[in-house]
Amino acid sequence: MTAPSDAGDRRSPHSEVSTETLTSDDDSLHARLQAMSSRLETLQAENHLLRTLVDTHPDILFIKDAKGLFRFANRTLTDFYGTTLEDIIGRDDSHYTGNTEQSRFFRRSVEQVLNKFEREQVFEDATDGTTGEINHFRSIKQPFHDIHGKPLVAVLAHNITAEVREHERKSRHIDHIYDTSLEGFWDWNITNSSVTHNRRWSEILNVPHDELHNSLEEFASLLHPEDTPEVMVAIQDCLEGGTPYYHRHRMLTRDGNVVWVIDKGDVIERDHDGTPLRMIGSITDITRIVESEALLHQHSRFDPLTKLANRATLIDALQQAIIITDARDTHGALIFIDLDHFKKINDLLGHTTGDHLLIEVAHRLTGQVRETDLVARFGGDEFVILVQPLSHDPQAACRELDELMERLQQALNQPYTLSDPQSQPLDHHSSASLGSIMFHDRALSAEELIRRADIAMYRAKEAGRNQTVRFDPSMRVELERAVQLENDLRRAIEHEELYMELQPQFDRGLKLVGAECLLRWRHPRFGNISPYEFIPLAEKSQLIDSLGDWVLEQACRLLAGWQNGTGFAELYLSVNVSVKQLESPHYVSNVARTLGQHTLSPEYLQLELTENVFATDMPATVARMHELRSLGLRLSLDDFGTGFSSLTYIKHLPFDELKVDRSFVNDLENDEMNRRMVNFMVQLGHELGMCVVAEGVETSRQRELLLEMGCDALQGYLMDKPMGIDDFTARYLDT
C-alpha cells in the first residue's frame with residue numbers, strides 16, 4: 001500500500017499569511033502614512049509661513065541661476081515688476097524693464113558673483129515696471145549650490161530711493177549755498193595738486209570761472225608777492241598736523257588790483273600714515289573792512305581837521321622820547337600852545353571860519369619845526385609840540401628851546417586871511433600863549449610833563465597872553481591846587497558836594513527815550529569843578545571806585561523811582577564808567593550788590609564805557625563785560641572813533657549801543673570825509689546789532705544828516721542841555 005500524497009496540503013509562505021501577521025503590517029503602514037501626512041502638513045505650514053514671511057518682507061528677495069533667470073522671487077519683486085510669481089520664474093529682467101543696458105548689467109552681475117563665488121554688496125538701479133521710474137538699491141548677493149550642485153545666486157535688495165533722493169536734495173541745496181555763498185570756497189586734492197572753486201572765489205579775484213586752471217600754481221600766482229612766504233608757511237604748518245590754516249593776506253585780481261582776504265581751511269582727509277590727501281577752505285573778502293580799519297586808525301591817531309597827530313599819538317611819542325633822552329643823555333622839550341581869544345572867532349564868524357584858522361595854524365607850526373619834532377592838536381584850539389633831540393648841555397638846550405618858541409610865536413602873529421560865510425575874506429590878527437618844559441630823564445611821566453607845560457601856558461595867559469613861558473618850580477602852586485582838590489575829593493561825597501545832572505536823549509521822532517547821568521562837583525571854595533579836572537584826579541588817586549559806586553547808587557535809586565508807576569517807567573538811564581573801575585576785580589560784584597538793593601528792571605540801566613577799554617587786559621575786560629550783561633544791564637561804547645577802537649575787538653564785545661563822539665558831529669556839515677566816517681560808524685553799529693546814538697548835536701542840519709544816515713537816537717544842546725534831576729522831572733514828566 002502506498003503512503004498518501006500531501007502535495008495538495010502544502011501552502012506557499014507567500015500565499016498563506018496568518019491573520020495576526022497581516023494585522024501587524026497594516027498597522028505599521030498606517031502609522032507611517034499618518035507620520036508622513038503629519039510631517040507633510042508641518043512642512044506645508046512651515047512653507048506657508050516662510051512664504052508669507054518672504055512675501056511680506058519690504059526688501060526684494062530672489063534667486064537667479066547662472067543664466068540670470070529667476071528661480072525664486074518674493075511678492076515685493078513681482079509687485080515692483082508688475083507681474084506674478086508664476087510668470088517671473090524662468091525669465092530674466094529684460095521681460096519687465098525697458099532698459100536693455102540695465103538688464104545686461106544684472107546678467108553680468110550674476111556672472112561676476114558666480115565667478116568670484118564670494119558674497120558682495122553693490123549699489124545698483126532698477127526700473128519700476130509699473131511707474132517706469134528708476135529706483136536705487138543696496139543689494140547683498142550670496143552665491144551657493146542647490147542640492148544638485150547647481151550654482152545659484154541669492155539676492156537681498158533694499159530700496160534706498162527715498163534716501164538717495166533726500167541726499168540729492170540736500171546736495172543740491174548745499175551746491176546752491178556753495179555757489180551763492182559770500183565765501184569763496186576751495187577744495188584742494190593734494191594727491192594730484194588740483195584745486196576746485198565755487199563761483200564766489202572767481203568773483204572775488206575777478207577771474208572768469210570757466211577760465212580757471214584749477215591748479216595750485218594758479219593759486220600761488222594770485223598771491224601778493226610780499227605775502228606769499230608767510231602764506232606758504234601757514235599752509236605747510238597745517239599740512240604737518242599743526243593748527244588749522246588761518247591767514248590774513250593780500251591777493252591780486254587778474255586786472256592787478258589788490259584784494260585783502262581772510263583765508264582759512266584744514267586737512268579733512270589723510271591716509272593711514274597721516275599723509276594729507278585733501279584740504280578744503282574758503283576766502284572772505286575783507287578789503288572794505290581793512291580800508292575802514294585804516295580810516296579809523298588814521299582818525300584814532302591823527303586829527304581829522306588839521307591832519308596833525310592827536311592826543312593819543314602825542315602821548316605815545318612822548319613816552320618813547322622820555323626813554324630815548326634818558327638813554328642818550330640828551331634833552332627834550334614839550335611846548336603847549338593855546339590860541340588867544342579863539343572863542344570869539346567861533347562866536348563872531350562861526351565854527352567854519354574857526355576851523356580855517358586852526359588849519360592855517362597847523363601849517364605854520366609844522367613849517368617851523370624839524371622832521372624829528374612832532375606837532376599835535378591836543379584838542380580845541382590847543383596844540384602841543386614834542387621837540388627832540390635838544391643839546392646834551394642844559395644851557396644850550398634852553399637856548400634852542402627859547403629860539404624855537406620865539407619863531408613859533410612870530411609865525412603865529414602873522415595876519416590870517418579868513419573866509420567869513422556872510423562877507424568877503426577878511427584879515428585877522430591872532431596870537432597864542434606858549435608854555436614849555438624841558439626833560440632829560442625818566443623822573444617825570446608823560447602826563448606830568450603835559451600838565452607842567454599846560455601850567456606854564458596858563459601862566460603865559462595870565463601874563464597878558466601872546467607870551468612864552470618856561471615852567472619853573474615856582475609854578476608848583478598849580479600842582480598844589482591839584483593836590484588839594486584830590487584831598488577835598490575824598491570828603492566830597494560825605495559832605496554832599498557831589499550831585500548829578502541829566503542830559504536827555506531823543507529818538508528819531510524827537511521823543512524822550514532816556515538820559516545820561518553827568519557827575520558834578522560844587523566845591524565850597526573853588527565853586528563848580530569841571531569833571532575833566534576831577535575825574536583824572538579820582539582815577540589817579542584810586543577814588544574813582546568810590547565815586548563810581550556813589551553815581552551807580554544814585555542812578556539805581558532814581559531809576560527805581562521812575563519805574564514805580566511814573567511816566568518815566570520806560571526811560572533808559574546811562575551812567576559813565578571809568579576804565580579804572582572796570583579793571584577792579586570787585587566791580588561786577590559791587591554792581592550786582594547795588595542792583596539787589598533796589599527794585600528795578602535792570603535792562604533800563606546802561607553803563608557807558610569809552611574806547612580806552614580796548615587798551616586794557618582784553619580777556620579780563622571781555623569776561624567782566626559779559627558778567628555785567630548777565631545781570632541784565634546794557635553796555636554802551638562811548639566816544640567811538642576817538643581812541644583805540646579795533647574792528648577785531650568790537651565784534652567780540654557785548655555792546656548794545658554805540659555813541660558817535662561829538663568831535664565827528666561838530667565837523668559833520670562841512671567835511672565830506674567826516675560824513676563818510678559817521679555814516680560808516682552808523683552802518684557798522686547796525687551791522688553789529690547795536691543802537692547808534694549821536695552826541696553833541698547842536699544844529700538842525702547836523703540832526704538832519706544824522707537822521708538821514710539812520711542814527712537811532714540824538715543827544716545835544718539842540719534838543720536840550722543838561723539839567724538837575726528836579727528840573728528834568730518838571731520839564732518832561734507831564735509832556
Salt-bridged, [X] to [Y], with N to O below 4.0 Å?
{"X": "K580", "Y": "E539", "value": "no"}
{"X": "K659", "Y": "E608", "value": "yes"}
{"X": "R731", "Y": "D720", "value": "yes"}
{"X": "E553", "Y": "R557", "value": "yes"}
{"X": "R491", "Y": "E497", "value": "yes"}

Has [X] got a side-chain atom pairing as donor or acceptor with [Y]'s backbone, closer than 3.5 angstrom?
{"X": "R377", "Y": "G380", "value": "yes"}
{"X": "Q467", "Y": "G435", "value": "no"}
{"X": "R629", "Y": "P654", "value": "yes"}
{"X": "R675", "Y": "L668", "value": "yes"}
{"X": "N310", "Y": "T313", "value": "yes"}

Side chains of [X] and [Y] in contact at under 4.5 Å (non-hydrogen atoms):
{"X": "L653", "Y": "L637", "result": "no"}
{"X": "D441", "Y": "T325", "result": "no"}
{"X": "E695", "Y": "V660", "result": "no"}
{"X": "L571", "Y": "Y604", "result": "no"}
{"X": "Y587", "Y": "E627", "result": "no"}

With no hydrogens and no angle check, just 3.5 Å: does a side-chain donor-acceptor pair link [X] and [Y]?
{"X": "Q388", "Y": "T330", "value": "no"}
{"X": "T306", "Y": "D303", "value": "yes"}
{"X": "D340", "Y": "S433", "value": "yes"}
{"X": "N590", "Y": "Q581", "value": "no"}
{"X": "H686", "Y": "D712", "value": "yes"}
{"X": "Q606", "Y": "D656", "value": "no"}
{"X": "Q505", "Y": "Q715", "value": "yes"}
{"X": "D638", "Y": "S636", "value": "no"}

Go through the steps for R451 and E447 under the test salt bridge (Lys or Arg N to Asp or Glu O under 4.0 Å), then give the verdict.
-> CA-CA 6 Å; R451 183 192 302 184; E447 291 78 8; over 6 Å; no
Should the heavy atoms of other residues, nucleotides or ligands under 6.0 Å from [atom1] of [X] be counted, would the total exceed 12?
{"X": "H586", "atom1": "NE2", "result": "no"}
{"X": "R508", "atom1": "CZ", "result": "yes"}
{"X": "E603", "atom1": "CD", "result": "yes"}
{"X": "R328", "atom1": "CZ", "result": "no"}

Between F728 and W562, what is the ring plane arrangement, given parallel below 30°, perpendicular above 60°, and tilted in between?
->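 Rings of F728 and W562: parallel, under 30°.
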Atom [atom1] of [X] and atom [atom2] of [Y]: how far apart are they, to the nearest 0.5 Å?
{"X": "L609", "Y": "S578", "atom1": "CG", "atom2": "OG", "result": "9.5 Å"}
{"X": "L449", "Y": "S436", "atom1": "CG", "atom2": "OG", "result": "11.5 Å"}
{"X": "L714", "Y": "L510", "atom1": "CG", "atom2": "CG", "result": "7.0 Å"}
{"X": "S445", "Y": "I322", "atom1": "OG", "atom2": "CD1", "result": "6.5 Å"}
{"X": "I437", "Y": "L334", "atom1": "CD1", "atom2": "CG", "result": "8.0 Å"}
{"X": "L498", "Y": "H523", "atom1": "CG", "atom2": "NE2", "result": "11.0 Å"}

So among I337, V387, I385, which one has a side chain to side chain contact (heavy atoms under 4.5 Å, CB included) with V375?
->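 Between V375 and the candidates, side chain to side chain contact (heavy atoms under 4.5 Å, CB included) is satisfied uniquely by I385.
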Geometric cation-pi criterion, R522 with Y499: 6.0 Å, 45° =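 Because its charged atom sits under 6.0 Å from the ring centre and within 45° of the axis, R522 does stack over Y499.
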Is the NZ or CZ atom of R311 both under 6.0 Å from the centre of the six-membered ring of F378 and within 45° of that ring's axis?
->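 Verdict for F378: a cation-pi partner in R311.
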Would you please test H440 and D329 for side chain to side chain donor-acceptor pair (under 3.5 Å) and show each step?
-> CA-CA 7 Å; H440 176 64; D329 192 27; 3.1 Å; yes
Worked verdict on D326 versus F439 for side chain to side chain contact (heavy atoms under 4.5 Å, CB included) | CA-CA 9 Å; D326 183 41; F439 57 91; over 6 Å; no
Looking only at non-hydrogen atoms, find the nearest pair between L600 and C556 and report the distance.
->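 Minimum heavy-atom separation between L600 and C556: CD2-O, 3.4 Å.
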Please report the shortest heavy-atom distance between Q484 and R525, naming the atom on each side.
->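 Scanning both residues, the minimum pair turns out to be NE2-NH1, 3.0 Å.
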